[in-house]
There are 2 protein chains.
Amino acid sequence: MVTINDIAKLAGVAKSTVSRYLNGGSVSRRTKETLDRIIKETEYVPNTFAQSLKVKQSNLIGIIIPRLNSYATNEILQSVDRCLREKSYQLLIVNTDQDVEREVENLYALSRQKVAGIILLATDVTRAHKEAMEKIGIPVLLLGQRSDATYAIVHEEEEAGAAMGRHALRLGHKKILYLGVTEKDESVGVLRKKGVMDVLKNAEGIDVQEEEVDFNFDITFRFLKEYLKDRVETYILCATDNIALAAYKASITLGRKVPEDVSISGFGGYSITDLVTPSITTVRYAYKEMGRIAAENLLRLLQGEEIPKKIALSGEFLPKESTKAL
Amino acid sequence: MVTINDIAKLAGVAKSTVSRYLNGGSVSRRTKETLDRIIKETEYVPNTFAQSLKVKQSNLIGIIIPRLNSYATNEILQSVDRCLREKSYQLLIVNTDQDVEREVENLYALSRQKVAGIILLATDVTRAHKEAMEKIGIPVLLLGQRSDATYAIVHEEEEAGAAMGRHALRLGHKKILYLGVTEKDESVGVLRKKGVMDVLKNAEGIDVQEEEVDFNFDITFRFLKEYLKDRVETYILCATDNIALAAYKASITLGRKVPEDVSISGFGGYSITDLVTPSITTVRYAYKEMGRIAAENLLRLLQGEEIPKKIALSGEFLPKESTKAL
DNA sequence: ATGAAAGCGCTAACAC
DNA sequence: GTGTTAGCGCTTTCAT
């Protein structure tokens, strides 16, 4: 293995000169040329451990995600990754398998690894989270959930909910079933629902029923196969695309036609909503953009620049085949 | 930041003793107890950079993947990750965005990061790959493609293909359309097809047509919307679930019923094949198991144990609603 | 069982 | 612009 020392000897300079050359310090034209050549010939690459040991920081950015097999996660990962790579940062992905405790553990674990910054796809920001963020002293960027504890990038949930609510009204539906999720999830469980409900409840002669279901397709599908049997609503407004998919499949199973007998919509803009027939009305969230902004802003933060505490991204309402006028 | 030196001083021993304690060397009962206590109190954690700098290796395992947004990739990632975490290894995920050159680059990049081993979700194993693997001197495990260059874990492609071919025959179909992919992909493009074709071509009175399409849903869907217009086959045997999905959506668009007018099947066992209606006949590949075996075997290799050069995993044939007897 | 000392490859003061 | 020097925090002989 070739080290900075070897290079220095071969070039007949001190290793500090080589180091300066490497880190963009000032070196004479001639030295630069020799070094250019020698480093190329020897295929020298600096030892990242020695570097990191010295500067007490790495070029690693940690990202904590709840699960690997989610469309949203993947979109975000991909764009964060792409963005960081351009700036020659490495993404260290840690998956918590939906275990909130492990989010906190990993905050500490990543700080031990001396990551320069952390992106956290948050589900719920607890006291333990805040404590960890304070303690480790590394910039943390939250994605998907609001919290005044640190910087956050979120989706415009209320706006999206309202758009979908208006859509249902516009199509003339009077009996509407809302399938939501736990209110522990501030973004999806509370705000998204609020957006929908504010619109529906302010309208005349609308009958809204509400039910809480699970994020998981299988669980929700099994539940809905029974639950939907004696429902009479003509529009099922689902809090996520996965739930919409389950509602769709359950409706079909019960012999109802979509959208002829019942309209169904989701939220998220997962690509699968386009693959099924009929395609599913949804709001596409700006996952890619969220990832890009997260990466860019985190890097800015690392350079000591100021960035906004909170950014909210608008989604795009996409009416498709699964909803039609009554 | 608390270092091994601090611990040594607090305990009144030499830092080499602390190091021995940390690495399971022999220390007296008493020393052990003091150290236990002090390390707990100070919340000391070793600096991984200093460690790695010294031992010239890290607890990182690199995994090179073609894309982040694929079902197969995610299943594998998840189980590899879980498995490695148990053994306190860290997974370093690098995404190449389907760029074969970047696979090679990253082989080198990971070796610079001193990863202990590399798992490569291969698409095509070129000369450059082999050269890189040799040069870096780090164990590499191939997933999904055969190559005598190093260890490999693959799916039983021919077996799976044959199972599906037999299924089509069993249902009495005579006119069959095979939608395959490029033969550059040895596993899917060559072997999987061979499995299917060997069965179909050996049967009596079977008319098999063959067409090459893309892995990508959108591209293939657009193509099939036209292509399928004047096809008369009653069974479309697709090389992947994504292609099956595209074929399904194109058929629907053209006013044909699945499976009444035409049967469709895929390969892969993506969860989406269950979400759509009708659910799609497929062969489920053992992605989770592949990931687990990959992780376990790579670790074995690192301990100097022997592991088989090639492992082939059988898939599970899953007949569903999208195929029916003629 | 323990300690002293050397050194992994690098960066950054500082002096020239 | 360049060289000297002193560590960063750790592991690992080698004595004792």
Side-chain angles (χ1 to χ4, degrees), chain A residues 1-39 42-60 88 90 109 111-116 137-138 302, chain B residues 1-39 42-60 88 90 108-109 111-116 136-137:
Chain A
M1 168 182 229
V2 31
T3 76
I4 199 174
N5 245 316
D6 301 333
I7 304 299
K9 272 180 201 147
L10 283 171
V13 298
K15 62 177 180 175
S16 51
T17 305
V18 182
S19 174
R20 232 180 303 114
Y21 162 89
L22 255 20
N23 297 290
S26 57
V27 282
S28 72
R29 236 182 79 82
R30 269 207 58 219
T31 321
K32 180 181 175 327
E33 276 162 15
T34 0
L35 254 18
D36 275 344
R37 185 173 50 75
I38 295 188
I39 286 178
T42 54
E43 299 185 346
Y44 164 75
V45 280
N47 180 315
T48 51
F49 295 127
Q51 281 179 320
S52 300
L53 173 58
K54 192 65 197 173
V55 301
K56 294 181 188 318
Q57 220 213 47
S58 68
N59 69 330
L60 256 37
S88 61
Q90 249 289 355
S111 95
R112 256 174 264 145
Q113 303 240 24
K114 303 283 182 297
V115 298
I138 295 175
L302 294 180
Chain B
M1 168 184 227
V2 32
T3 76
I4 199 173
N5 246 316
D6 302 332
I7 303 299
K9 269 179 202 147
L10 284 170
V13 297
K15 61 176 179 176
S16 48
T17 305
V18 182
S19 174
R20 230 178 306 113
Y21 162 90
L22 255 19
N23 296 291
S26 58
V27 282
S28 72
R29 237 182 78 83
R30 271 206 58 218
T31 323
K32 178 180 176 325
E33 276 161 15
T34 0
L35 254 19
D36 275 343
R37 185 174 50 76
I38 295 188
I39 286 178
T42 54
E43 299 185 344
Y44 165 73
V45 280
N47 180 315
T48 53
F49 295 128
Q51 281 179 319
S52 299
L53 172 59
K54 194 63 198 175
V55 302
K56 294 181 188 321
Q57 220 212 47
S58 69
N59 69 331
L60 256 37
S88 62
Q90 249 288 356
Y108 290 111
S111 95
R112 258 174 262 144
Q113 304 240 24
K114 303 285 182 299
V115 298
I136 60 179

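Residue numbers begin at 1 in each chain, while the letters A, B, ... track the order of the sequences.
Lys15(B) places its NZ atom 14 Å from the C1' atom of dT13(D), with the value rounded to the nearest Å.
Between Thr42(B) and Leu10(B), some side-chain heavy-atom pair lies under the 4.5 Å cut-off. Contact annotation: the side chain of Lys15(B) never approaches that of Thr3(B) to less than 4.5 Å [non-hydrogen atoms, C-beta and beyond]. Considering only heavy atoms from C-beta on, Val45(A) stays 4.5 Å or farther from Tyr108(B) through its side chain. By the 4.5 Å heavy-atom criterion applied to side chains, Val13(A) and Tyr21(A) are not counted as neighbours.
Of the possible donor and acceptor atoms, one in the side chain of Ser58(A) sits under 3.5 Å from a partner among the backbone N and O of Lys114(A). With hydrogens and angles disregarded, no donor-acceptor distance shorter than 3.5 Å links the side chain of Asn23(A) to the backbone of Gly25(A).
For the segment residues 42-58 of chain A, residues with any heavy atom less than 4.0 angstrom from an atom of DNA chain D are, sorted by number, Leu53(A), Lys54(A), Lys56(A). Residues from residues 22-38 of chain A that place a heavy atom under 4.0 Å from any atom of DNA chain C, listed by number: Asn23(A).
For the atom pair OG of Ser19(A) and CD1 of Ile7(A), the computed distance is 12.5 Å after rounding to the nearest 0.5 Å. Atom CG of Asn59(B) is separated from atom CD of Gln113(A) by 6.5 Å, given to the nearest 0.5 angstrom.
Remark: the Ser16(A) side chain and the dT4(D) base include a donor-acceptor N/O pair separated by less than 3.5 Å.
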> Passes side-chain contact (heavy atoms from CB on, under 4.5 Å), Ile4(B) versus Leu22(B)? Steps please.
Replying inline: CA-CA 10 Å; Ile4(B) 199 173; Leu22(B) 255 19; 4.3 Å; yes
>> One pair to check against salt bridge (charged side-chain N to carboxylate O under 4.0 Å, His left out): Glu33(A) and Arg37(A). What are the steps and the verdict?
In response: CA-CA 6 Å; Glu33(A) 276 162 15; Arg37(A) 185 173 50 75; over 6 Å; no
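Boundaries of the chain A contact region on DNA chain C are dG9(C) to dA12(C), first to last in 5' to 3' order (nucleotide atom under 4.0 Å from a heavy atom).
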